[in-house]
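Residue numbers run from 1 in the order of the sequence given.
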Amino acid sequence: MVKKVKLRLRVLLAEREWEQKDLAERTTLSARTISELYNNKTKSYTKHSIDELVNAFGITDMNELMMIVDDEETDN
């Protein structure tokens, strides 16, 4: 089974009662980038994006931000 990394943005935003626009205001990431990350539309993550998310959420353990999941989706 193929594994992939998935961001936990839905959970992190819900825990803080933030919306995507709130995260955009707390980072230098564009609303489009945040939407793509939120909807797991990206195949890779830049160091800049990860740094911005870590700082915005105050993350000290990467397991708070990411999880490894089985990739059961088929690529079209």
K21/E25 ion pair, N-O < 4.0 Å: no
- prompt: Any link between Y45 and I34 through a network of hydrophobic side chains (Ile, Leu, Val, Met, Phe, Trp, Tyr) touching at under 4.5 Å?
  reply: yes
message: Looking only at the side chains, is there a donor atom on one of N40 and R10 sitting less than 3.5 Å from an acceptor on the other?
response: no
Transitive ILVMFWY side-chain link L9 to V54, under 4.5 Å: yes
message: For the CZ atom of R26 and the CZ atom of F57, what is their distance to the nearest 0.5 Å?
response: 9.0 Å
message: Is there a side-chain contact between K4 and V69 in this structure, where contact means two heavy atoms from C-beta onward sitting under 4.5 Å apart?
response: yes
task: Without swapping roles, check the side chain of D61 against the backbone of N63 for a donor-acceptor pair under 3.5 Å.
output: yes
query: Do any N or O atoms from the side chain of E52 and from the backbone of L29 form a donor-acceptor pair under 3.5 angstrom?
result: no
- request: Please report the C-alpha distance between L65 and L53 in whole Å, then the side-chain angles of each, then the deciding distance to 0.1 Å, and finally whether the side-chain contact (heavy atoms from CB on, under 4.5 Å) criterion is met.
  value: CA-CA 8 Å; L65 178 62; L53 296 173; 4.2 Å; yes
field: Point-to-point distance, once rounded to the nearest 0.5 Å, from CZ of R16 to CG of D22
entry: 12.0 Å
message: Side chains of L7 and T42, heavy atoms from C-beta outward: is any pair under 4.5 Å?
response: no
Spacing of CD belonging to Q20 relative to CD belonging to E36, to within rounding of 0.5 Å: 10.5 Å
message: Under a 3.5 Å distance rule, please check whether R8 uses its side chain to pair with a backbone N or O of E64 as donor and acceptor.
response: yes
- prompt: Just how far is it from atom CG of D51 to atom CD1 of I59, taken to the nearest 0.5 Å?
  reply: 11.0 Å
- request: Is it possible for you to say whether M62 and L12 belong to one hydrophobic cluster, with membership spreading through side-chain heavy-atom contacts below 4.5 Å?
  value: yes
